[in-house]
Amino acid sequence: MYVDIIIDITHEKLDKVFQYSIPSSLEGMLKIGTEVVVPFGRGNKETKGYVIGFSKKANYDETKIKEVIGVARGSVAIEAKLVALAAWMKEYYGGTMIQALKTVIPIKKEERVREKRRLRLLLEEEEGKKQLDIYLHKNQKARARLLAAMLDQPEQDYDFLTKKLNITRAVVRSLEEQKVLALESEKVFRNPIKHKNCAREAVCFNDEQQQAIDTFWEDYSRGIRGTYLVYGVTGSGKTEVYMEMIGRVLKEGKQAIVLIPEIALTYQTVMRFYGRFGDRVSILNSRMSQGERYDQMERVKAGEVDVMIGPRSALFTPFSNLGLIVIDEEHETTYKSEQVPRYHARETALKRAEMEGASVILGSATPSLESFYACRSGRFRILELKQRASRQELPQVYVEDMRKELKSGNRSILSDHLKELMEIRLAKKEQMMLFLNRRGYAGFVSCRACGYVVKCPHCDVSLSAHRNGKLVCHYCGYEESQIHICPSCGSNYIGGFKAGTQQVEEMVKRQFPQARVLRMDMDTTKSKDGHEKILEAFANEEADILIGTQMIVKGHDFPNVTLVGILAADMSLYSNDYRAGERTFQLLTQAAGRAGRGKSKGEVVIQTYSPEHYSIERAAAQDYEGFYEAEMNYRELMGYPPVEQLLAVLMMGPDEQVLETAAKYLKEFALRVDKNRKLQIIGPASPYVAKVSDVYRRVLYLKGEDYRILIEMKNRMEQYIEINSGFQSLRIQFDFNPMNVF
Ligand code: ADP
Ligand code: ZN
Ligand code: ZN
């Protein structure tokens, strides 16, 4: 038996794995993640490493393979736990151990620690002044400038001073040589939180909040660890509840991780945590450099931090005594990684918590079906917050049937009712948001006269119009030709649904020339902080109308917004994806929640061609549970997650013919492996984006009740792919219960 060992885990070149043999004295003692001592290099220096895998055969000359010396003593290194978590991820989501390790362990980079350099004057004042005279006398202006500044203040920041005075390194060096001053350096870890003056006022919890906290704490203080879903509308005080729970866990000497979707990770949110936990809080976000991120991990290991806030990847913060993981907005799709291993942060958090004896708190106003299902089946405990902390009323929601607008001759993007309400807002100087729902938009075809949508007869998801003129199903590959007459009502108002934020902006400006309009979408937020700037301008009431995509529905509170218009509720409803209904409900609920966050009650207009669809009806009624029941019926009927499990096998390659053949072989292989017909094997189909920069794509779907059977299938496929040369030119990725359609 041989063992694969990785030597320096934080090394940049994580790709190198060394094979060692296991002496009989160690048989059965090594597990994935075990820290071991091995002889390394020419001198066989005793070096520590981690076990990341086992194999039966030697990868090279057997006589040259060295033996493991032993298990590293007293090793409870956090890395061992993360390596074990990586091993679980590799098994659960596919990919290689190296890919999994790279996901959980921060990589060391050169220049990871920024040096802070300081200049210190070595001369007494008298001597210094004499020296200054000499420089002035010799007309050595730069030296004189530098020394004069140092005489003013004998210790100064090197970078700052040399830049300010325009002094070169050579000048500094000459003063160093003359023993006039010294250049000193200290290693500093960057602390990303810069503003620290935020006092905190204590809140007095309402009964529901108190009960949520008590329920959690009764368990926790008795040593019971579990998963809890804080199910409460926006503004119900979830964040306050999390902070109280974290505070208690910290008192026990433990640490906490708080995951927040990047888009909601605003300055205000961070400051709330900072106000409560002070310097013990750190954050991670994608705008930080790799060096900065690495620093935060070092601060954690040095015990300087107890609470880490960040998006998905903050889950791997190397706390040694983790007590709690909080996942806010747990339904967000960004919790699923789009890189191999395509892990879901919620599932992975549950695993990490189980391995390290922590609890998990999930929070949402519109929980994922997965989580609510787990509550219903007793795996998670539900902690419900029904009222807004400030007792604000929920907004009034109107559904506008766009088919009727068309019939009555209104062919504009705005319904008559919405226009009317907008005029009132402009007159009253209140703000409004127009939300163009483009999420998951993938070219569905619908009838504007009757609302009919062209769907796959086998999968009950909408067909997408491809450039070649065909309508295609992205699960099973079913196709039919483009249609021009609505099969349901015979009208010719059938076609793709097209409208961009820019068009909406132009149209609104034409309609309301007096209005000040801001637009927020991919184009206007490209620049650094572009996103924040627009939101800030709107918060400062520099505009009356904010037009945007889903970016505008999250995060910020705008107390003066009393009207939200949702222009194309159907776009996400008919994306070619089984999660379309869920997404739509979530988006509409969130968007509606933007209206009336201040003193006056809000109004919301949902424009749609399918007012009778349960996602729209239930969102308008602000009835999550009603939506849940209806959506679960659909998932059960069609065998989609969370009722059944779905594995997507995404195949990519430069040669379409080779890809086609390989996909066929892989499907046949899967059928052979699945002798007892426990799985349903669908496809291969062309994904919506069938070709990306000359790489073709195909996808195979496998559906079954038991996740373990899918894992076994994945393992078998991985082996098959590895030993068959036909797959060599292809990239093949697995995605369990995908969040997006391919
Ligand atoms: P959520 O995370 O559910 O959106 P927050 O925790 O952000 O809710 O609470 C919304 C607002 O209400 C915040 O300004 C918060 O400080 C305030 N708040 C929450 N709970 C209470 C309470 N019990 N008493 C007073 N204010 C509260
Ligand atoms: Zn029609
Ligand atoms: Zn289909």
Side-chain angles (χ1 to χ4, degrees), residues 198 200-213 230-246 258 260-261 264 266 268-269 271-273 275-276 326-330 361-366 383-392 402-403 406-407 445-464 471-480 483-495 554-557 559 576-578 590 593-594 597-598 609-610 638-640 680 682-686 699 701 703 741:
C198 42
R200 202 194 108 77
E201 40 194 286
V203 299
C204 197
F205 292 116
N206 64 32
D207 290 349
E208 287 178 339
Q209 289 173 320
Q210 194 61 51
Q211 203 180 351
I213 295 162
V230 181
Y231 162 48
V233 293
T234 323
S236 58
K238 295 189 291 298
T239 311
E240 294 295 336
V241 169
Y242 307 150
M243 289 199 293
E244 178 63 22
M245 291 169 171
I246 292 168
V258 183
I260 294 181
T266 57
Q268 283 110 308
T269 313
M271 280 306 120
R272 283 174 76 183
F273 281 89
R276 168 112 189 203
V326 175
I327 307 184
D328 193 26
E329 309 285 350
E330 63 86 28
I361 299 288
L362 307 171
S364 177
T366 52
L383 308 173
E384 199 170 342
L385 306 179
K386 291 202 184 88
Q387 30 171 313
R388 283 183 164 178
S390 57
R391 298 183 184 275
Q392 270 161 342
M402 295 307 279
R403 296 171 302 189
L406 187 71
K407 238 181 233 153
V445 170
S446 68
C447 172
R448 290 177 65 193
C450 77
Y452 174 83
V453 173
V454 189
K455 287 188 172 188
C456 173
H458 312 294
C459 306
D460 200 37
V461 297
S462 34
L463 299 182
S464 301
L471 300 176
V472 181
C473 169
H474 294 297
Y475 286 106
C476 70
Y478 168 86
E479 26 172 273
E480 59 182 55
I483 49 175
H484 304 284
I485 301 285
C486 173
S488 173
C489 75
S491 96
N492 55 6
Y493 281 114
I494 192 156
K554 283 166 200 159
H556 281 243
D557 249 6
N576 51 16
D577 185 352
Y578 73 89
Q590 262 168 355
R594 298 285 100 199
R597 298 299 299 273
Y609 294 92
S610 348
M638 300 305 297
Y640 289 129
Q680 203 184 330
I682 311 158
S686 300
V699 61
Y701 285 96
K703 211 155 60 170
V741 75

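We count ligands from 1, going down the list as the structure has it; atoms in each ligand are counted the same way.
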Stepwise, does the side-chain contact (heavy atoms from CB on, under 4.5 Å) test hold for Q210 with E244? CA-CA 10 Å; Q210 194 61 51; E244 178 63 22; over 6 Å; no
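Summarising the geometry of Y578 relative to V461, their closest heavy-atom pair is N-CG1, 3.9 Å, with the distance given to 0.1 Å. Across C476 and H458, no two heavy atoms sit closer than the pair SG-CD2, 4.2 Å. Considering every non-hydrogen atom in both V233 and K386, the closest pair reads CG2-O, 4.3 Å. Across all non-hydrogen atoms, the minimal contact from Y609 to C447 is CD2-O, 4.4 Å. The two atoms that bring Y452 and C486 nearest to each other are CB-SG, 3.9 Å, heavy atoms only. Considering every non-hydrogen atom in both C473 and A685, the closest pair reads O-CB, 4.1 Å.
For atom 17 (C) of ligand 1, the closest non-hydrogen atom on the protein side is A389 CB, 4.3 Å. Among protein heavy atoms, the minimum distance from atom 7 (O) of ligand 1 is reached at R272 NH1, 2.7 Å.
In T239, the parts holding a heavy atom less than 4.0 Å from any atom of ligand 1 are both the side chain and the backbone. When non-hydrogen atoms are compared, ligand 1 lies under 4.0 Å from neither the backbone nor the side chain of R388. Under 4.0 Å from ligand 1, the heavy atoms of V233 that appear belong solely to its backbone.
No donor-acceptor distance shorter than 3.5 angstrom exists from the side chain of K238 to the backbone of D328, with no hydrogens or angles considered.
To the nearest 10 degrees, the Zn ion (ligand 2) sees SG of C489 and SG of C447 at an angle of 110°. Taking the Zn ion (ligand 3) as the corner point, the angle from C456 atom SG to C473 atom SG is about 110° (rounded to 10 degrees).
Looking at V203 next to ligand 1, no N or O pair under 3.5 Å apart turns up. Polar contact with ligand 1: present for E240 (N/O pair, distance under 3.5 Å).
D577 and Y475 share a donor-acceptor pair across their side chains, judged by distance under 3.5 Å alone.
Within the model, atoms OG1 of T234 and CG of L385 stand 11.5 Å from one another, a figure rounded to the nearest 0.5 Å.
Near T234, the atoms of ligand 1 lying under 4.0 angstrom from a non-hydrogen atom of the residue are 4 (O). Residue-ligand proximity, N206 to ligand 1, at heavy-atom distances under 4.0 Å covers atoms 23 (N).
Taking all heavy atoms of K238, E244, E208 into account, the minimum distance to atom 1 (P) of ligand 1 is reached by K238. For atom 9 (O) of ligand 1, the nearest non-hydrogen atom from the set G593, C204, G237, S236 comes from G237.
Proximity of atom 11 (C) of ligand 1 to the protein is not indicated, since no non-hydrogen protein atom lies closer than 4.0 angstrom. Taking a distance limit of 4.0 Å, we find that atom 20 (N) of ligand 1 is approached by some protein heavy atom.
Q211 CD: 12 or fewer foreign heavy atoms inside a 6.0 Å radius.
In this structure, G235 has a heavy atom closer than 4.0 Å to ligand 1.
Here H458 does not reach the Zn ion (ligand 3): none of its N/O/S atoms is less than 2.8 Å from the metal.
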